[in-house]
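What follows is a single structure, written as structure tokens, with notes after it.
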Amino acid sequence: MSEFKKVSRTENYSEWYNYIVDAAELAQHSAVKGCMVIKPYGYAIWEKMQADLDQRFKATGHSNAYFPLFIPKSLFEAEEKNAEGFAKECAVVTHYRLKSDPNNKGKLIVDPEAKLSEELIVRPTSEAIIWSTYRGWIQSYRDLPILINQWANVVRWEMRTRLFLRTTEFLWQEGHTAHATKEEAIVETKQMLEVYAAFAEDIMAMPVIKGIKTANERFAGAEDTFCIEAMMQDGKALQAGTSHFLGQNFAKAFDVKFTGKDGKQDYVWATSWGVSTRLMGALIMTHSDDEGLVLPPKLAPIQVVIVPIFRSEEDLASITTKVMEIKKQLEYKGVSVKFDNRDTLKPGFKFAEWELKGVPLRLAIGMRDIQNNTIEIARRDTKEKKSIAMDHLVEEVGSLLTDIQENLYQRALKFRTEKTKIVDSKEAFLKVMDEGGFALAHWDGSSETEEKIKEELKATIRCIPLDNRQEAGFCFFTGKPSKERVVFARAY
RNA sequence: CGGGGUGUAGCGUAGCCCGGUAUCGCGUCUGCUUUGGGAGCAGAAGGUCGUAGGUUCGAAUCCUGCCACCCCGACCA
């Protein structure tokens, strides 16, 4: 943050991204490979996301619970597809004790005598441990549905990591529900997708496409995977949340049956759904600019920062009196306010710093304002600055915060709309991919074609949009008939 | 896991080819002057040169192993 180096989004997008994460003090690399330290300011944003999502989960009837970090290998392997899908990225605990190295003073070695009889898998996702537990909870249709969410950390040993977007350990929530009927489980799956979409759009100000994944992109162990897909400012896609209809796969794997009203036994129907700290990456890449982070008011830990402009201590004292009054009024209205009264930094420095941190509104107040009963108000999203009468401040702040929230959404939507192209040829397709953006193209529906497109054109089907318009056409790649267009993009 | 690159004070760096105990900027600390868009002057502190070995009278510099990180692929939320 000491450096005034500026990195341009257009010149080098990933360098810019790293710069924002670092400069806005959101997170940093840790002493552990692939794992990040989420710094207080970054964590405050995550906490606001959590708080809003948590309330939405509860409003739809879910309760929070907590299941273990470790999963015995025998449970983990029970659902074959799920196990296979995650096997190559699992951290495994094999021992439970260390001891002093007899050959190397002050060093420790794994005690070979403390080998576990059964290895423990550090959860990459919790279906296995949860469904092994649900077996004991469910006997009758009266025990259903089970609607549980857990806030947790998971570990996926990825080859290449990036702060927030893909780290070895990450924070998330995972909902795991059990239902008596297929229909009810599907309704749940779709409902949670709607919850995610509403959160993304209303709170993150990030437009998303709701859709369904193709078989290739489906969650390991799911019958269907629904997702929300967002477009980042480089035109690449980011999967922002998923909701899975798991069918009876886990119920069968863990033998979870219930007796229905009719006295007959059947396997339970399942869903799972999750969003992660990856949303932090999505938030950054959707709104921020070359000046730094840009936060939607609904997620900003500090919504309004007040910078005093003073020459003497007496000036600061009288400004402070006024500021305290303003702060109280704004806080009464539910606005979070920070008074930056550090006396060792010049106003210009503070302006730049708070812009870097994405604070939506900045107020500047000096002796001139005190005399004129005015105050300067500057918005982060458009950089507009104006002097207003002090008497109108509270309502002005309220309406500007609302306006910024809306403007960020509209700006992102406009960007996505402009970068989404209807494509009917390989050439046009490649052009869109190279420029960055979504291509709406016909696809013949086969996994083989999808695979070939991925290899040759480096793009994947992000989703088949829900309520997609049916339109006869021909696959842009194979020429075979197709009944609808799907969303293609290069993805994170 | 493949290709490329980097590691020197809190951060960013020079020095490395051609071995002689480390340069500069930012930040930090003290003092004074400043404060409506990233302050100025003066002084000060701060470094096992990623790590472990090796060569040498002497290693940031040469050699070997290891580790970490970044970028590009493959894999993935």
Side-chain angles (χ1 to χ4, degrees), chain A residues 1-6 12-15 17-19 22-23 25 28-36 85-90 104 124-125 154-174 196 213 216-220 225 227-230 237-244 272-282 291-292 307-313 315-316 319 340-356 362-370 372 374-376 378 383 385 387 454-455 458 460 462 490-492:
Chain A
M1 220 246 336
S2 52
E3 294 289 305
F4 300 152
K5 119 180 155 173
K6 258 190 200 171
N12 186 338
Y13 198 76
S14 55
E15 192 190 340
Y17 176 81
N18 289 333
Y19 167 69
D22 179 49
E25 301 186 286
Q28 64 178 61
H29 292 286
S30 70
V32 190
K33 184 188 173 84
C35 297
M36 65 178 162
F86 285 103
K88 59 188 180 303
E89 53 193 61
C90 285
N104 204 345
T125 181
V154 287
V155 168
R156 295 184 188 174
W157 217 267
E158 302 283 357
M159 290 167 184
R160 216 174 123 199
T161 58
R162 290 192 72 189
L163 293 173
F164 289 119
L165 295 174
R166 183 172 299 104
T167 45
T168 301
E169 179 195 21
F170 57 94
L171 305 183
W172 77 347
Q173 60 65 219
E174 44 181 329
Y196 288 153
K213 288 288 186 189
N216 283 9
E217 301 280 326
R218 197 177 285 154
F219 176 74
T225 288
C227 63
I228 50 172
E229 293 283 330
L238 186 97
Q239 178 175 304
T242 48
S243 184
H244 314 292
S272 70
W273 28 273
V275 297
S276 72
T277 35
R278 177 177 242 208
L279 288 179
M280 292 287 295
E291 266 66 53
V307 177
I309 294 158
F310 58 97
R311 285 167 204 282
S312 63
E313 278 186 38
D315 288 358
L316 179 59
I319 291 168
D340 185 358
N341 62 352
R342 290 175 292 178
D343 58 6
T344 51
L345 299 169
K346 295 189 65 168
F349 183 92
K350 294 179 184 176
F351 293 172
E353 183 174 291
W354 294 113
E355 277 163 12
L356 205 45
R362 182 188 70 230
L363 303 176
I365 178 168
M367 291 313 286
R368 213 162 66 197
D369 292 300
I370 300 277
N372 303 336
T374 57
I375 189 161
E376 185 189 86
K383 316 261 170 60
K385 223 169 29 170
S387 185
K454 188 174 174 181
E455 268 174 43
K458 311 274 181 237
T460 51
R462 300 321 304 154
R490 298 210 167 122
Y492 277 98

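Each chain gets a letter, A, B and so on, in the order the sequences are listed, and its residues count up from 1.
Atom P of B:G2 sits at a distance of 48 Å from the matching atom of B:A39, rounded to the whole Å. Rounded to the nearest Å, the gap between the C1' atom of B:G12 and that of B:C57 is 36 Å. Here, B:G37 and B:U21 have their C1' atoms 44 Å apart, quoted to the whole Å. Nucleotides B:G46 and B:A9 are separated by 6 Å at their C1' atoms, to the nearest Å. B:C18 and B:A60 are spaced 15 Å apart, taking the C1' atom of each and rounding to whole Å. For the P atom pair drawn from B:C63 and B:A45, the interatomic distance equals 36 Å after rounding to whole Å. B:C75 and B:G7 have their P atoms separated by 31 Å, with the value rounded to a whole Å. Taking the C1' atoms as reference points, B:U61 lies 11 Å from B:A22, given to the whole Å.
Within the 3.5 Å criterion, the main-chain N or O of A:Val275 finds a donor-acceptor partner in the side chain of A:Gln173. Counting only distance, with no hydrogens or angles, the side chain of A:Asp22 and the backbone of A:Asn18 share no donor-acceptor pair below 3.5 Å. Looking at A:Lys350, its side chain does come within 3.5 Å of a backbone N or O of A:Asp340 through a donor-acceptor pair.
In this structure, the CZ atom of A:Phe86 is 16 Å from the P atom of B:C75, given to the nearest Å. Note: CD1 (A:Ile319) to C1' (B:G36) measures 10 Å, nearest angstrom. Rounded to an integer number of Å, the gap from A:Glu25 CD to B:G27 P is 15 Å. In this structure, CZ of A:Phe349 is placed 10 Å from C1' of B:C26, rounded to the nearest angstrom.
When all heavy atoms are compared, the tightest approach of A:Gly85 to A:Ala220 is CA-CB, 3.8 Å. Shortest non-hydrogen contact noted between A:Pro308 and A:Asn341 is CG-CA, 4.2 Å. Shown here for A:Thr125 and A:Phe86, the closest heavy-atom pair between the two residues is CG2-CE1, 3.7 Å. When all heavy atoms are compared, the tightest approach of A:Gly281 to A:Tyr17 is CA-OH, 3.5 Å. Residues A:Pro347 and A:Ile309 come closest through the heavy atom pair CG-CG1, 3.9 Å.
Judged by atom type and distance alone, A:Lys383 does not reach the base of B:G37 through any side-chain donor-acceptor pair under 3.5 Å.
Checking A:Thr344 against A:Leu165, the closest nucleotide of RNA chain B that is more toward the 5' end is the one next to A:Thr344.
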Dot-bracket, RNA chain B: Watson-Crick or G-U, under 3.5 angstrom, [ ] crossing, | other strand?
-> (((((((..(((.......[...))).((((((.....)))))).....(((((..]....))))))))))))....
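Residue A:Asp369 has its side chain nearest to B:G36 when only B:C75, B:G36, B:G38 are considered.
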Collect all protein-nucleotide pairs involving nucleotides 32-35 of chain B in which both atoms are nitrogen or oxygen and the distance is under 3.5 Å.
unit_1 : atom_1 : unit_2   : atom_2 : d
B:U35  : OP1    : A:Arg311 : NH1    : 2.8
B:U35  : OP2    : A:Arg311 : NH1    : 3.4
B:U35  : O2'    : A:Phe310 : O      : 3.2

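More than 12 non-hydrogen atoms from other residues, nucleotides or ligands lie less than 6.0 angstrom from CH2 of A:Trp172. The environment of CZ in A:Arg342 is crowded: more than 12 heavy-atom neighbours from other residues, nucleotides or ligands sit within 6.0 Å.
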Using a cut-off of 4.0 Å between protein heavy atoms and nucleotide atoms, how would you tag nucleotides 69-74 of chain B 5' to 3' with B, S and -?
-> SSSBBB
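A:Glu355 comes within 4.0 angstrom of a base, heavy atoms only. Within the 4.0 angstrom heavy-atom criterion, base atoms lie near A:Thr167. Within 4.0 Å of A:Gln239, counting heavy atoms only, lie sugar-phosphate atoms of the nucleic acid but no base atom. Within 4.0 Å (heavy atoms only), A:Arg362 reaches at least one base atom of the nucleic acid. No contact: A:Leu238 has no heavy atom under 4.0 Å from any strand. Using a 4.0 Å heavy-atom criterion, one finds that A:Phe219 contacts no nucleic acid atom at all.
Between A:Glu353 and A:Arg362 there is no salt bridge, since no side-chain nitrogen of the basic residue lies less than 4.0 Å from a carboxylate oxygen of the acidic one.
Note on ring orientation: taking the six-membered ring where Trp is involved, the planes of A:Tyr196 and A:Trp273 are perpendicular (angle over 60°, cut-offs 30° and 60°).
Here the rule is side-chain hydrogen bond (donor to acceptor under 3.5 Å, both in side chains) with A:Thr225, and of A:Gln239, A:His244, A:Glu217, A:Lys213 only A:His244 fits it.
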